[in-house]
Undergrad: 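Dropping a structure here in structure tokens format, bear with me for questions.
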Amino acid sequence: MSPSADASCLFCRIVRKEIPAKIAFEDERVLAFHDVTPKAPTHVLVIPKTHVARLSDASGDHAALLGPCLVALTQIARALSLDSYRVVINDGAEAGQSVFHLHLHLLGGRAFAWPPG
Ligand code: DGP
């Protein structure tokens with residue numbers, strides 16, 4: 001499994017710094033950056049650097065990447081002083097996924113309806 005290996009993947013290109021993004025967090029396994037079209041006052045995308053197209057593709061070694069993503073997300077939320085926030089993973093086009101590199105949305109800074117639309 002090589003990090004950010006998919007040449008055409010938008011988020012792999014952000015990992016490789018070929019496309020600029022406002023980075024919120026980075027370590028050897030995880031990258032987080034602010035969403036270009038924010039849906040809340042705070043909207044950060046947390047991704048594994050390794051290319052996994054969608055949550056339902058995560059298995060074996062991929063699944064081990066999810067824990068670090070969640071831990072990074074909580075650290076980012078704390079650093080941004082969010083004490084209440086929503087975490088979203090859209091898995092598949094019908095669920096709203098538009099970029100096929102697994103990502104967690106960290107949304108905060110406003111109230112959220114339940115159930116989601
Ligand atoms: P989703 O619809 O769950 O696949 O979310 C994809 C998100 O990615 C969407 O909220 C917009 C964001 N996005 C798309 N292109 C870019 C980009 O080039 N830069 C950044 N920072 N975010 C992007």
Side-chain angles (χ1 to χ4, degrees):
M1 212 169 37
S2 60
S4 56
D6 189 322
S8 63
C9 169
L10 176 65
F11 286 177
C12 286
R13 297 190 66 201
I14 289 176
V15 170
R16 292 195 300 269
K17 311 285 164 60
E18 293 171 8
I19 295 175
K22 188 178 170 197
I23 306 288
F25 175 92
E26 180 167 18
D27 68 13
E28 64 280 2
R29 289 177 294 196
V30 177
L31 182 70
F33 50 93
H34 292 265
D35 196 291
V36 76
T37 54
K39 313 303 185 295
T42 296
H43 188 171
V44 173
L45 303 172
V46 183
I47 69 170
K49 286 186 171 178
T50 297
H51 183 81
V52 187
R54 54 188 284 187
L55 180 64
S56 52
D57 286 344
S59 62
D61 289 347
H62 291 146
L65 297 169
L66 293 169
C69 286
L70 274 171
V71 171
L73 184 148
T74 63
Q75 290 173 354
I76 296 160
R78 212 172 296 124
L80 296 175
S81 302
L82 298 176
D83 63 5
S84 183
Y85 52 86
R86 173 129 336 148
V87 180
V88 172
I89 298 175
N90 295 324
D91 181 47
E94 272 194 39
Q97 186 174 8
S98 59
V99 177
F100 280 77
H101 181 128
L102 173 61
H103 50 282
L104 291 69
H105 295 260
L106 166 61
L107 298 144
R110 66 170 173 85
F112 295 94
W114 189 261

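Atoms within each ligand, like the ligands themselves, are counted from 1 in listed order. Values reported hereafter were calculated over all heavy atoms of this structure, with side chains retained and with hydrogens, waters and symmetry mates removed.
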Undergrad: Compare all side-chain heavy atoms of L55 with those of N90 and state whether any distance is below 4.5 angstrom.
TA: no
Undergrad: Would you say the rings of H43 and H34 are close, in the sense that their centroids are separated by under 6.0 Å?
TA: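 Centroid distance H34-H43: not below 6.0 Å, so no.
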Undergrad: Nearest protein heavy-atom contact for atom 10 (O) of ligand 1: which residue, which atom, what distance?
TA: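 Scanning the protein heavy atoms, the shortest distance from atom 10 (O) of ligand 1 goes to D35 OD2, 2.5 Å.
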Undergrad: So do the side chains of V46 and I76 get within less than 4.5 Å of each other, counting heavy atoms only?
TA: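 Side-chain contact under 4.5 Å: yes.
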Undergrad: Taking the side chain as C-beta and beyond, is there a heavy-atom pair between L73 and V71 under 4.5 Å?
TA: no
Undergrad: Hey, is I89 one of the residues with a heavy atom under 4.0 angstrom from ligand 1?
TA: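 Outside the 4.0 Å threshold, so no.
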Undergrad: Could you tell me, atom by atom, which parts of ligand 1 come under 4.0 Å of a heavy atom of T37?
TA: 11 (C)
Undergrad: Do ligand 1 and L45 have nitrogen or oxygen atoms that lie under 3.5 Å from each other?
TA: no
Undergrad: Does the ring centre of F33 sit less than 6.0 Å away from the ring centre of F11?
TA: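 Yes, the ring centres sit under 6.0 Å apart.
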Undergrad: Any nitrogen or oxygen of Q97, side chain or backbone, less than 3.5 Å from one on ligand 1?
TA: no
Undergrad: Show which atoms of ligand 1 fall inside a sub-4.0 Å distance from at least one heavy-atom site of F11.
TA: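 Those of ligand 1 that fall under 4.0 Å from F11 are 8 (O).
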Undergrad: Pick one of side chain, backbone, both or neither for how I14 approaches ligand 1, counting any non-hydrogen atom pair under 4.0 Å.
TA: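 I14 to ligand 1: side-chain contact only, backbone stays beyond 4.0 Å.
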Undergrad: Can you confirm whether the side chains of D57 and S59 place a donor and an acceptor under 3.5 Å from each other?
TA: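 There is no such pair between these side chains.
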Undergrad: Looking only at protein heavy atoms, identify the closest one to atom 4 (O) of ligand 1 and say how far it is in Å.
TA: S98 N, 2.6 Å
Undergrad: Return yes or no for this condition: an N or O of L10 is under 3.5 Å from an N or O of ligand 1.
TA: no
Undergrad: For atom 5 (O) of ligand 1, what's the nearest protein heavy atom and its distance?
TA: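 The answer is H103 NE2, 3.0 Å.
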Undergrad: Taking only non-hydrogen atoms of K22, do any sit less than 4.0 angstrom from ligand 1?
TA: no
Undergrad: Taking the non-hydrogen atoms of F100, is any one of them nearer than 4.0 angstrom to ligand 1?
TA: no
Undergrad: For H43 and ligand 1, does the shortest N/O to N/O distance drop below 3.5 Å?
TA: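 By distance alone, the answer is no.
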Undergrad: Any side-chain heavy atom of L102 sitting closer than 4.5 Å to one from L66?
TA: yes
Undergrad: With a 4.5 Å limit on heavy-atom distance, are the side chains of V30 and K49 in contact?
TA: no
Undergrad: Heavy-atom contacts with H105 under 4.0 Å: which atoms of ligand 1 show up? List them by number with element.
TA: 1 (P), 3 (O), 5 (O), 10 (O)
Undergrad: For atom 2 (O) of ligand 1, what's the nearest protein heavy atom and its distance?
TA: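 It is G96 O, 2.7 Å.
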Undergrad: What about the rings of H105 and H103, do their centers lie closer together than 6.0 Å?
TA: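 Judged by ring-centre distance (under 6.0 Å), H105 and H103 do meet the cut-off.
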Undergrad: Taking F25's backbone N and O only, do any of them form a donor-acceptor pair with Q75's side chain (distance below 3.5 Å, no angle check)?
TA: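 Here the side-chain-to-backbone pair does not exist.
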Undergrad: Taking 4.0 angstrom as the limit and counting only heavy atoms of K39, give me the atoms of ligand 1 inside it, by number and element.
TA: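 Answer for ligand 1: 10 (O).
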Undergrad: Are side-chain heavy atoms of L80 and R78 found at a separation under 4.5 Å?
TA: no
Undergrad: Taking atom types as modelled, is there a side-chain donor on S81 or D83 under 3.5 Å from an acceptor on the other?
TA: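 Judged by distance alone, the side chains do not pair up.
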Undergrad: Which ligand 1 atoms does V99 reach within 4.0 Å, using its non-hydrogen atoms?
TA: 4 (O), 6 (C)
Undergrad: Which heavy atom of the protein is the closest neighbour of atom 21 (N) of ligand 1, given with residue, atom name and distance?
TA: H34 O, 2.9 Å
Undergrad: Could you name the option among L107, V36, N90 that has the heavy atom nearest to atom 13 (N) of ligand 1?
TA: V36
